Amino acid sequence: MPLPCPELLPGGGFILRRHRSADGEAFAAFLTDPEATRYMAFTAEQKTTQGAQTMLDYVISAYGSDHEVLSLTIADAADDSYLGSIGGTATETEGVVEIYYTIVPGAQGRGLATDAVRLLLAYLFALPGVTSVRADVTTENRPSLRVLEKLGFEDRGPVERSAGGGELPYDSLTGRRYVLDAGTYEM
């Protein structure tokens with residue numbers, strides 16, 4: 001199931017937009033901050049300035065291609081500054097999309113993640129064939145768990161994922177799987 005990446009999704013005080021090269025410095029500053037990325041399954045290489053830039057360049061180059069990546073910058077609507085990122089990918093299960101979201105430390109605790117995920121959910125559930133959205137979260141990441149619970153995701157139990165390779169590799173993750181089905185989704 002292809003997941004097209006929109007150019008722009010307007011939110012309240014923020015926008016979700018495609019990444020730009022100008023986001024590189026803020027994106028790298030975020031990914032190289034060990035405190036900010038402590039719950040994330042990025043590889044050690046990705047958590048370097050060069051690794052972050054390589055990842056951003058890959059995503060930008062994939063826009064509009066056969067291997068497009070649904071990955072967006074969460075930007076301040078007033079000044080377009082980088083506040084985090086959000087996106088999704090089709091999973092091995094037909095109709096199921098896995099999402100991720102990150103917020104820079106200075107913008108956390110204001111409801112931005114909840115609002116950004118809500119906006120992404122509206123976009124995803126409007127796509128043909130999307131039947132549910134999931135997020136795998138470490139149990140230590142209480143703020144992320146609260147976001148999912150506020151939005152009506154259900155805890156579907158433990159999950160253990162092995163590290164993966166490819167163009168966008170990731171480390172292993174042990175946590176909980178949260179799922180929101182289209183039938184229970186409320187805007």
Side-chain angles (χ1 to χ4, degrees), residues 1-9 11 14-76 79-92 96-108 112-113 116-117 119-121 123-124 127 133-138 140-141 143-144 147-148 159-175 177:
M1 167 180 61
L3 288 177
C5 190
E7 291 283 336
L8 175 79
L9 298 173
F14 70 95
I15 58 172
L16 305 183
R17 62 159 172 77
R18 288 186 176 190
H19 299 298
R20 301 180 185 142
S21 295
D23 297 324
E25 188 175 325
F27 184 72
F30 176 73
L31 282 184
T32 57
D33 179 345
E35 184 62 21
T37 59
R38 70 186 179 279
Y39 302 123
M40 297 178 191
F42 290 120
T43 65
E45 172 58 28
Q46 289 167 324
K47 293 179 182 182
T48 67
T49 300
Q50 182 57 50
Q53 190 62 53
T54 299
M55 188 169 27
L56 186 65
D57 290 345
Y58 172 79
V59 170
I60 291 170
S61 73
Y63 290 144
S65 73
D66 291 340
H67 60 280
E68 187 164 58
V69 178
L70 174 51
S71 184
L72 301 161
T73 286
I74 303 169
D76 187 291
D79 64 10
D80 200 43
S81 60
Y82 180 88
L83 300 174
S85 63
I86 191 167
T89 187
T91 68
E92 67 285 345
V96 178
V97 175
E98 182 170 344
I99 62 166
Y100 79 91
Y101 46 95
T102 64
I103 304 295
V104 298
Q108 292 174 0
L112 180 59
V117 172
L119 186 56
L120 182 64
L121 289 171
Y123 172 76
L124 290 172
L127 294 174
V133 174
R134 78 180 193 206
D136 293 343
V137 183
T138 63
E140 296 83 20
N141 191 347
S144 187
V147 166
L148 298 171
V159 64
E160 287 193 36
R161 294 192 336 209
S162 299
E167 293 292 332
L168 294 173
Y170 52 87
D171 272 347
S172 59
L173 178 139
T174 300
R177 174 160 291 163

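All values reported here derive from a predicted model rather than from experimental measurement.
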How about [X] and [Y]: do any of their side-chain heavy atoms sit closer than 4.5 Å?
X	Y	value
Leu72	Arg17	no
Ile15	Leu9	no
Tyr123	Leu119	no
Phe14	Asp76	no
Thr91	Arg134	yes
Ser21	Leu56	no
Leu31	Met55	yes

Show every donor-acceptor pair shorter than 3.5 Å between a side-chain atom in residues 81-89 and any protein atom, with sequence neighbours excluded, or say none if there are none.
| from | atom 1 | to | atom 2 | distance (Å) |
| --- | --- | --- | --- | --- |
| Ser81 | OG | Asp79 | OD1 | 2.8 |
| Ser85 | OG | Thr102 | OG1 | 3.0 |

Looking only at heavy atoms, what is the nearest atom pair of [X] and [Y], with distance?
X	Y	result
Ala90	Leu3	N-CD1, 3.3 Å
Tyr101	Leu148	OH-CG, 3.3 Å
Ala28	Ala52	CA-CB, 3.7 Å
Gln108	Ile103	NE2-O, 2.8 Å
Ile60	His19	CG1-O, 3.8 Å

Practice problem: Hey, could you give me the CD/CG distance between Glu7 and Leu16, rounded to the nearest 0.5 Å? | Solution: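 The CD atom of Glu7 sits 13.0 Å away from the CG atom of Leu16.
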
Practice problem: Spell out, as yes or no, whether a donor-acceptor pair under 3.5 Å connects the side chain of Ser65 to the backbone of His67. | Solution: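 Confirmed, Ser65 side chain pairs with His67 backbone.
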
Quiz item: For the side chain of Arg18 and the backbone of Thr73, is there at least one donor-acceptor N/O pair under 3.5 Å apart?
Solution: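 Not a single qualifying donor-acceptor pair exists.
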
Quiz item: Is there a side-chain contact (heavy atoms from CB on, under 4.5 Å) between Arg20 and Asp80 once you walk through the steps?
Solution: CA-CA 11 Å; Arg20 301 180 185 142; Asp80 200 43; 2.7 Å; yes

Quiz prompt | Evaluation steps, salt bridge (Lys or Arg N to Asp or Glu O under 4.0 Å), between Glu35 and Lys47 | solution = CA-CA 11 Å; Glu35 184 62 21; Lys47 293 179 182 182; over 6 Å; no

Practice problem: Quickly, which of Leu70, Asp136, Val133 forms a side chain to side chain contact (heavy atoms under 4.5 Å, CB included) with Ile99? Name it, please. | Solution: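 With Ile99 as partner, Leu70, Asp136, Val133 yield a single side chain to side chain contact (heavy atoms under 4.5 Å, CB included), made by Val133.
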
Self-check item: Side-chain H-bond candidate by donor/acceptor type, Gln53 with Thr49, under 3.5 Å
Solution: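 No donor-acceptor contact under 3.5 Å links the two side chains.
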
Quiz item: Can Val69 and Tyr58 be said to form a side-chain contact (heavy atoms from CB on, under 4.5 Å), step by step?
Solution: CA-CA 9 Å; Val69 178; Tyr58 172 79; 3.9 Å; yes

Quiz item: For Glu25, does the CD atom sit with more than 12 other heavy atoms under 6.0 Å from it, leaving out its own atoms?
Solution: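 12 or below, so no.
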
